[in-house]
Amino acid sequence: MSSPIKTYEFVDQLDAHLSFDIKPMEDIYKANHGKLTEPHRHNFYTILLIKKAEGTHRIDFNEYALENNQVFFISPGQVHQIQEKQKSYGWVITFSRQFLEENNIDYCFIEDINLFTAYGEAPPLFLNPARQELLDRYSQQMYETQKSYIKFKSQAQGALVKLFLIACNNICSLDERNTQQLQAGATILKDFKNLVEDRFSEWHLVQQYAEALHVTPDHLNRTIKSLIGKTAKEYVQSRITIAAKRMLFFSEQTTKEIAYTLGFSEPSNFSNFFKKSTGMSPSVFKNNGNVGF
């Protein structure tokens, strides 16, 4: 495996002061001379609005076809890599949490629109011509604003980003029944996600999260599944698995060290968990995981 750790550190140094940016995909292709980049991750949000493309896009070790009329959403920390068969056309929009704060876009808004997933499946939205045109128009306005010297430039960019995200949220809006369920379980879902992010390396059992949220494990499983399509148990296991994959791929820690870091009492328990989740042992993944990219 080539040195992914150096690649990751290099990318993060470049990202350190990024607030907002937008570039045509074809400009990035030209800058890279059409070469495949290493799998990497950023500390900002990334949106890919694709008008024309052919290839693959891998996000957190899941592969998606790169096609026309798509939009991808990549969260900070997610591992991704684009493999283009030819020059792609579209937009790459990037913004930081600081950009959101500076433009009074509450982090809860990002959570509520439910477009960015920090781990697990991250499939694209597919766009019809009218929706593609609308999002392309917002992107073109962002690009023109980026190059301008107008007053309140950042605020204009923030407003356009929010309009873009609202339009995308409307594309994948749920039916009335599911919307009512979402409203009823929204607090539990948010609190559960926050708890998982804080405690996944310590708490592996749904019962631990249920007790902290003052609900029964069955109620928590049903609520989470009705809102995101997977149970609380599956959600926790997915978070642990992705953390393990990232550590195996990007760090030089041993399997034993990773096992203890992720809260497993014995390395053998971690190995069994990982193999059940991925179909391969941690050592095989560490040595060959980059083949998946």
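Position 1 is the first residue of the sequence; numbering continues from there.
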Participant: Please evaluate residues Gln70 and Phe72 with respect to the criterion side-chain contact (heavy atoms from CB on, under 4.5 Å), reporting the C-alpha separation (whole Å), side-chain torsions for both, the decisive distance (0.1 Å), and the verdict.
Facilitator: CA-CA 7 Å; Gln70 294 175 315; Phe72 283 95; 3.4 Å; yes
Participant: Decide side-chain contact (heavy atoms from CB on, under 4.5 Å) for Ile82 and Thr37; before the verdict, give the C-alpha distance in whole Å, the side-chain angles of both, and the deciding distance to 0.1 Å.
Facilitator: CA-CA 7 Å; Ile82 295 174; Thr37 60; 5.9 Å; no
Participant: Apply the test ring-ring contact (aromatic ring centres under 6.0 Å, His included) to residues Phe273 and His204: give CA-CA distance (whole Å), side-chain angles for both, the deciding distance (0.1 Å), then the verdict.
Facilitator: CA-CA 11 Å; Phe273 168 85; His204 295 181; 7.1 Å; no
Participant: For Phe73, check ring-ring contact (aromatic ring centres under 6.0 Å, His included) against everything at least two apart and list the hits.
Facilitator: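 Expected list: Phe116.
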Participant: Taking the side chain as every heavy atom from C-beta outward, state whether Gln81 and Leu36 have any pair of such atoms under 4.5 Å apart.
Facilitator: yes
Participant: Any heavy-atom pair between the side chains of Leu49 and Ser139 that's under 4.5 Å?
Facilitator: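 The answer is yes, as the side chains (C-beta and beyond) meet within the 4.5 Å cut-off.
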Participant: Check the pair Ser19, Glu102 against side-chain contact (heavy atoms from CB on, under 4.5 Å), reporting the backbone distance first and the verdict last.
Facilitator: CA-CA 10 Å; Ser19 178; Glu102 290 172 350; 3.8 Å; yes
Participant: Determine whether Arg239 and Glu197 satisfy the following criterion, salt bridge (charged side-chain N to carboxylate O under 4.0 Å, His left out), listing intermediate values before the conclusion.
Facilitator: CA-CA 8 Å; Arg239 183 65 184 97; Glu197 200 58 32; 2.9 Å; yes
Participant: Give me the atom names and distance for the closest heavy-atom approach of Gly90 to Glu26.
Facilitator: N-OE1, 3.5 Å
Participant: Is Thr231 reaching over with its side chain to a backbone N or O of Asn221, donor-acceptor style, under 3.5 angstrom?
Facilitator: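 Judged by distance alone, no pair lies under 3.5 Å.
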Participant: For residues Tyr143 and Tyr89: do they belong to one hydrophobic cluster (side chain heavy atoms under 4.5 Å, members Ile, Leu, Val, Met, Phe, Trp, Tyr)?
Facilitator: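 No, separate clusters.
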Participant: Cluster question for you: counting only ILVMFWY and a side-chain heavy-atom cut-off of under 4.5 Å, with indirect links fine, are Ile113 and Ile166 together?
Facilitator: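 Yes, Ile113 and Ile166 fall within the same hydrophobic cluster.
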Participant: Mind listing the closest non-hydrogen atom pair of Val79 and Phe250 along with its distance?
Facilitator: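 Closest heavy-atom pair between Val79 and Phe250: CG2-CE1, 3.2 Å.
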Participant: Is there a side-chain contact between His214 and Ile188 (heavy atoms, below 4.5 Å)?
Facilitator: no
Participant: Could you tell me whether a side-chain N or O of Ser238 sits under 3.5 Å from a main-chain N or O of Tyr235, the two making a donor and an acceptor?
Facilitator: no
Participant: Run the salt-bridge test on Arg58 and Glu63 with the 4.0 Å N-O cut-off and return the result as yes or no.
Facilitator: yes
Participant: Stepwise, does the ring-ring contact (aromatic ring centres under 6.0 Å, His included) test hold for Tyr260 with Phe270?
Facilitator: CA-CA 9 Å; Tyr260 290 135; Phe270 168 64; 9.9 Å; no
Participant: Do any N or O atoms from the side chain of Thr223 and from the backbone of Leu220 form a donor-acceptor pair under 3.5 angstrom?
Facilitator: no
Participant: Are the side chain of His40 and the backbone of Glu38 linked by a donor-acceptor contact shorter than 3.5 Å?
Facilitator: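 Checking the backbone N and O of Glu38 against the side chain of His40, a donor-acceptor pair under 3.5 Å is found.
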Participant: Can Lys52 and Glu67 be counted as an ion pair, charged N to O under 4.0 angstrom?
Facilitator: no
Participant: So, does Asn103 use its side chain to make a donor-acceptor pair with the main chain of Ile105 at under 3.5 Å?
Facilitator: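 No: the side chain of Asn103 does not pair with the backbone of Ile105.
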Participant: Atom OG in Ser271, atom NZ in Lys276: separation rounded to 0.5 Å?
Facilitator: 14.5 Å
Participant: Please confirm whether the backbone N or O of Ser268 pairs with a side-chain atom of Asn272, one donor and one acceptor, at under 3.5 Å?
Facilitator: yes
Participant: Are Tyr29 and Trp91 connected in a single hydrophobic cluster, I mean Ile/Leu/Val/Met/Phe/Trp/Tyr linked by side-chain heavy atoms less than 4.5 Å apart?
Facilitator: no
Participant: Under the 3.5 angstrom rule, does the side chain of Glu144 hit a backbone N or O of Gln141 as a donor-acceptor pair?
Facilitator: no
Participant: Any side-chain heavy-atom pair from Lys153 and Ile150 closer than 4.5 angstrom?
Facilitator: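 Result yes, sub-4.5 Å side-chain heavy-atom pair found.
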Participant: Check whether more than 12 heavy atoms from other residues, nucleotides or ligands sit under 6.0 Å from atom NZ of Lys193, and answer yes or no.
Facilitator: yes
Participant: Salt-bridged, Asp60 to Lys245, with N to O below 4.0 Å?
Facilitator: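 So Asp60 does not pair with Lys245 through a salt bridge.
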Participant: When you look at His42 and His80, which way does the side-chain contact (heavy atoms from CB on, under 4.5 Å) test go after all the steps?
Facilitator: CA-CA 9 Å; His42 306 286; His80 85 119; 3.7 Å; yes
Participant: Please answer: with hydrophobic residues joined when any side-chain heavy atoms are less than 4.5 Å apart, are Phe126 and Leu48 in the same cluster?
Facilitator: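 In one cluster: no.
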Participant: Look only at the side chain of Glu202 and the backbone of Arg199, and say whether a donor-acceptor pair between them is shorter than 3.5 Å.
Facilitator: no
Participant: Do the side chains of Met142 and Gln146 get nearer than 4.5 Å, heavy atoms only?
Facilitator: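 With C-beta onward as the side chain, the pair stays apart.
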Participant: Among residues at least two apart in sequence or on other chains, which ones pass side-chain contact (heavy atoms from CB on, under 4.5 Å) with Ser283?
Facilitator: Ser281
Participant: What pair of heavy atoms forms the shortest contact from Arg246 to Gly77, and how long is it?
Facilitator: CZ-O, 3.3 Å
Participant: Counting neighbours of CD on Gln207 that are heavy atoms of other residues, nucleotides or ligands and sit closer than 6.0 Å, is the number greater than 12?
Facilitator: no
Participant: Got Ile110 and Leu165 here, is their nearest side-chain heavy-atom distance under 4.5 Å?
Facilitator: yes
Participant: When rounded to the nearest 0.5 angstrom, what distance separates CD1 in Ile59 from CZ in Arg41?
Facilitator: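 Answer for the CD1-CZ pair, Ile59 versus Arg41, is 14.5 Å.
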Participant: Look up atom NZ in Lys51 and atom CG in Asn69, then write down how far apart they are to the nearest 0.5 Å.
Facilitator: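 It is 10.5 Å, given to the nearest 0.5 Å.
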Participant: May I ask you to check whether over 12 heavy atoms, not counting those of Gln253, lie within 6.0 Å of atom CD?
Facilitator: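 Yes.
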Participant: Would you give the length of the straight line joining atom CD1 of Ile50 to atom CD of Glu84, rounded to the nearest 0.5 angstrom?
Facilitator: 8.5 Å
Participant: Relative to Phe109, does Lys162 satisfy both conditions: NZ or CZ under 6.0 angstrom from the six-membered ring centre, and within 45 degrees of the ring's axis?
Facilitator: yes
Participant: How many angstroms lie between OG1 in Thr254 and NZ in Lys286, if you round to the nearest 0.5 Å?
Facilitator: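 Answer for the OG1-NZ pair, Thr254 versus Lys286, is 8.0 Å.
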Participant: Which atom pair, heavy atoms only, marks the closest approach of Trp203 to Tyr209?
Facilitator: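 Scanning both residues completely, I find the closest heavy atoms to be O-OH, 2.9 Å.
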Participant: Is the distance between the ring centroids of Phe44 and Phe20 less than 6.0 Å?
Facilitator: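 Here the rings of Phe20 and Phe44 have centres that are no less than 6.0 Å from each other.
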Participant: Looking only at atom types and distance, does a side-chain atom of Asn128 sit under 3.5 Å from a main-chain N or O of Arg131, one as donor and one as acceptor?
Facilitator: yes
Participant: Hey, do the aromatic rings of Tyr45 and Phe99 have their centres closer than 6.0 Å?
Facilitator: no
Participant: Report yes if the side chains of Ile22 and Thr94 come closer than 4.5 Å at any heavy-atom pair, otherwise no.
Facilitator: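 They are not in side-chain contact.
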Participant: How about Ile242 and Gln78: do any of their side-chain heavy atoms sit closer than 4.5 Å?
Facilitator: no
Participant: Do you know which two heavy atoms are closest between Pro124 and Tyr64, and how far apart they sit?
Facilitator: CD-CD2, 4.2 Å
Participant: Please report the interatomic distance CD(Gln157) to CG(Asp21), rounded to the nearest 0.5 Å.
Facilitator: 9.0 Å
Participant: What is the minimum heavy-atom distance between Val206 and Ala232, and which atoms define it?
Facilitator: CG2-C, 4.0 Å
Participant: Donor-acceptor pair, Asn269 side chain versus Phe264 backbone, under 3.5 Å?
Facilitator: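 No: the side chain of Asn269 does not pair with the backbone of Phe264.
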